[in-house]
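Input: a single structure, listed below in structure tokens.
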Amino acid sequence: MSTYRQRRILSNPARFVVMAYMSVIAVGTVLLWLPISTAADGNAPFMTALFTSVSGTCITGLTVVDTGSYWSPFGQVVILALVQVGGLGIVTLGTFAAMFVRGRLGMRDRMAAQRDARALSLGDIRQLLGRIVRFYLLLELVVVVLLVARFRIAYYDQWGEALWYGVFHGVAGANSSGFSLYEDSVMRFVGDLGIIGPLCLGIFVGGLGYPVLFELKRKWRRPRAWSVHTRMTFWGSLVMLFGLLAAFLAFEWRNPSTLGPLSVHDKMVAGLAGSVFPRTAGFNSVDTAFITDETLLSYLVVMFIGGGSAGTAGGIKLTTFLILGYVMLAVMRGEQDVTVAHRRIGQDVQRQAITIALGGVGCVVAGTIALTLLTEQTLQHVLFEAMSAFGTVGLSAGVTSGLTEPGQVVLMILMFVGRVGTITVITSLAMNRRHRRYRLAEERPIVG
Amino acid sequence: MRRLLATPARFVVLAYAIAVAVGTLLLELPIATRAPGTGPFVDALFTSVSAVCITGLTSVDTATHWTAFGQTVILALIQVGGLGIVTLATLLTLTVRGRLGVRSVKVAQVDTHSEGFGEVRHLLGRIVALFLIVEAIVMASLFVRFRMTYDDTIGDASWHAFFHSVSAVNNAGFSTNSDNLVPYASDLWMISTLSLAAIVGGIGYPVIFELHRRWRRPSTWTLHTRLTLVGSGVLLAAGFVMFLTLEWSNAGTIGAAGWQDKVVAAIGGTAFPRTSGFNAVDYAAVRPETLVGTQALMFIGGGSAGTAGGIKITTFLVLALAMWAEVRGEPDVAVGHRSLASSTIRQALTVALAGVALVMGGTLTLMLSSDLSLNLALFESTSAFATVGLSAGVTPTLDVTGKIVLMVLMFVGRVGPITFASSMALRAGHRHRRYQLPHERPIIG
């Protein structure tokens, strides 16, 4: 039986990923639909349960109801479980897909060999799975401990409360989902580094992706030995972080609705939050509905790019974005090969990057047009919401809570496609190579 | 000087810059403006850039700010910019010296986007002839209408017809009316003539010449022609349907008109954004959805090597096809029994991404320098980059920084991001490595 199932998974990993996520969403929906999940009497509307389940499993954090007051503790535990499953799922599946695509592990060959020998231990995979899960749970633990300590010291007298709030926000943060038990997200902690700091740590590290973290762990002393992937993700993340920090502070410094009234220390802390959260966490420590249009535009870009591959981050991923940049540079310089850090990037990788990026643009544009037709909100807020859903970020400019059911469906589709889409597409791309025994004549249409 | 002109790309950029400079000087003359004395320098510069880059964005009203002399200068700039400044210069060399050096041919190749080395000589004369013929036909049609329906005097009618026909065929979008084509919004004759002129001018000479030679045998058409024609047809139809459905009941634009008038307005609404920039409805009053759709049309633009702007239909289709092939796991990007070279795909990617980056950068700078909302700033900078010239009414209100941003976008959009970048010479000359670096595979997605 297990032989058959494993063969099915291996023959179509893409379908497996989609099915796995759908099942988790279905279970989550049913659980949230139960009467004991809501704080009030009676059960939640089906659409609300479904939306929350999708948002939780896709570790997005967009909500149509207030998490803290609408759901009972049982419902909140369900949401947390969904976030945990979704987060670990995307990291493990992403890592496997990546190794598979890169051919480092040679997984299929190894498994095929095992299948022939009727020895289905799958030891390697279990081992890797164990390492990934251990690592991410450790990260979560660190964040949770820091948060619990801070909550206990500064905000709650009872250990129970501090523990619960610490665990919830720690798990939500380390998995880059923006669920919060407070109706104002983490806005009340805007100047508190003790809360913002651990959250940012969890989001940033978790968003780098397991392959990068694994390599950093082994070779952090020798940056010259890093693989191209690690270099791109690591330096790209840092540049994006500081770039957005500078942009956020510059655009918001005098905005009376956000940073304006704060002290310089608080502004810096808020700036840290404002530059880490949009890369895919979806907490907000200032009110996103009141940020300036310039910040909004920068957020759109950052949300679309997202974080590292095979991590908890969403978006098209840093490597995808950077490879497109290097392709551009090569064309403008008139070079034959696309090279990064003394390595050549293959044409198949270039084409995959194009596919992911353009597919993303297509999804966001289609989603935005659908949403503008369904709501009366301004274009930029609708675009923001669609981008936030696709990048599984979870920042909201206030559109989601007022959406009708068709609008919620649009956002759900965007979240699902944004979470599962890139990894699915990339695996099936690697799987379904067709081989023609002839090549067609080449022709060059005039371009540009 | 020799180093300055080291590459053909640099020569092209310089040629356009010189045309802009000459235009600015002429428009700065006191006789160019109606008001006594010279106009502000930035307006002359802006108008000159807008005309040479055949955009049609205006910071001052063409009808009331400029005298007949000023308008003639604008028209001349449009014509020069539309034909391609290098095309004209090369043609001049050809007539004066009777022969062309290798260098001139190389430069002309860059400007006309032509591939073959030998064909350039024959091409240039035919391009000019084609333009003049189309312009003459359009002008005749417009003249009849202006004279018969709008009761212009013969002089007025011929001037208006002349101006609008040159402006339409070159996809410039300048008009001698203060409110552009709004007075003719329901005039099927005017709108369809100008639409046709814009489409023919914007489809590009390679397609037109090929249709001329082989219109009976579609099976022998090149991939370029097929892609451009199919793409144009689909985009025109999509734009038509979009405009009609979204604006049908919008009281600010065509809501109050009868259904025939709505259809006429929709013809203009789909043909003009791809890239001529006339407007028969007030784009400050259209629905936000229409703005988004119009932006998409503007960004894609028309055919290569024509007067259209944008990233071009072929660029867009090549990228879409590459994506489709990748999703299906095909080893080659194939369309119509031909495969696309990977260098073509990379080039298309570069054009599109550079376009996105320019528009985004322009939008951000516009928002910083003025109080524009995101969608208006985005609309205006897309319009400038794609050399369309539709305006949501904010260009005249911009400060100097905003105008400079739009000018840069228009210039780079017209010259082409790749030509512009290689003229800036990130690294001079082509580099040929005699070795290949080891291969590595980052994780994507």
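Computation of the quantities below employed the complete heavy-atom set of this structure, encompassing side-chain atoms and omitting hydrogens, waters and symmetry-equivalent molecules. The chains referred to below are lettered A, B, ... by the order of the sequence lines, with proteins before strands, and numbering in each begins at 1.
With chain A as partner, the option from B:Val292, B:Leu353, B:Thr228 having the largest number of non-hydrogen pairs under 4.5 angstrom is B:Leu353. Most heavy-atom pairs under 4.5 Å with chain B, from the set A:Thr378, A:Ile323, A:Val340: that is A:Ile323. Taking chain A as the reference chain and counting heavy-atom pairs below 4.5 Å, the highest number among B:Gly416, B:Ser343, B:Ala320, B:Ala341 is found for B:Ala341. Taking A:Val331, A:Thr230, A:Val361 one by one and counting their heavy-atom pairs under 4.5 Å with chain B, the maximum is reached by A:Val331. In terms of heavy-atom pairs under 4.5 angstrom with chain A, the leader among B:Gly204, B:Ser342, B:Gly309 is B:Ser342.
For B:Leu340, the parts sitting under 4.5 Å from any heavy atom of chain A are the backbone and the side chain alike. Proximity to chain B is limited to the side chain of A:Gln347, based on heavy atoms less than 4.5 angstrom apart. Both the backbone and the side chain of B:Ala354 have a heavy atom closer than 4.5 Å to some heavy atom of chain A. At a 4.5 Å heavy-atom cutoff, A:Phe321 makes no contact with chain B through either its backbone or its side chain. Both the backbone and the side chain of A:Glu294 come within less than 4.5 Å of a heavy atom of chain B. Contacts between A:Leu358 and chain B at a heavy-atom distance below 4.5 Å involve backbone atoms as well as side-chain atoms.
Interatomic distance, CG of B:Leu374 versus CZ of A:Phe384, reported as 11.5 Å (0.5 Å rounding). The distance from the OG1 atom of A:Thr292 to the CH2 atom of A:Trp253 is 14.5 Å, given to the nearest 0.5 Å. Taken to the nearest 0.5 Å, the CG atom of A:Leu322 stands 13.5 Å off from the CZ atom of A:Arg231. Distance check: A:Met303 CE to A:Ile305 CD1 gives 11.5 Å after rounding to the nearest 0.5 Å. How far CD1 of B:Ile311 is from CZ of B:Phe299: 5.0 Å, rounded to the nearest 0.5 Å. The line from CD1 of B:Ile313 to CD1 of B:Ile203 is 6.5 Å long, rounded to the nearest 0.5 Å.
In B:Phe316, the CZ atom is not crowded: 12 or fewer heavy atoms of neighbouring residues, nucleotides or ligands sit closer than 6.0 Å.
If you check the side chains of B:Glu247 and B:Thr290, you find a donor sitting under 3.5 Å from an acceptor. Side chains of B:Thr222 and B:Thr225: a donor on one and an acceptor on the other come within 3.5 Å.
Within residues 365-374 of chain A, the residues having any heavy atom under 4.5 Å from a heavy atom of chain B are, by residue number, A:Ile369, A:Thr372, A:Leu373. For residues 359-373 of chain B, heavy-atom neighbours of chain A at less than 4.5 Å comprise B:Met360, B:Thr363, B:Leu364, B:Met367, B:Leu368, B:Leu372, B:Ser373, sorted by residue number.
The aromatic rings of B:Tyr283 and B:Phe243 are tilted relative to each other, their planes meeting at an angle between 30° and 60°.
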Inset, instruction - Please test A:Leu318 against A:Met232 for side chain to side chain contact (heavy atoms under 4.5 Å, CB included), starting from the C-alpha separation and ending with a verdict. - result: CA-CA 7 Å; A:Leu318 264 166; A:Met232 284 176 129; over 6 Å; no

Legend entry - Stepwise side chain to side chain contact (heavy atoms under 4.5 Å, CB included) test for B:Gln295 and B:Leu378: CA-CA 8 Å; B:Gln295 266 167 36; B:Leu378 193 59; 3.5 Å; yes

Inset, instruction - Applying side chain to side chain contact (heavy atoms under 4.5 Å, CB included), run through A:Ile291 and A:Phe251 and close with a yes or a no. - result: CA-CA 9 Å; A:Ile291 57 175; A:Phe251 297 149; over 6 Å; no

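Here the closest non-hydrogen pair linking B:Ala308 and B:Arg414 is O-NH1, 4.2 Å. B:His224 approaches B:Ser304 most closely through the heavy-atom pair CE1-CB, 3.8 Å.
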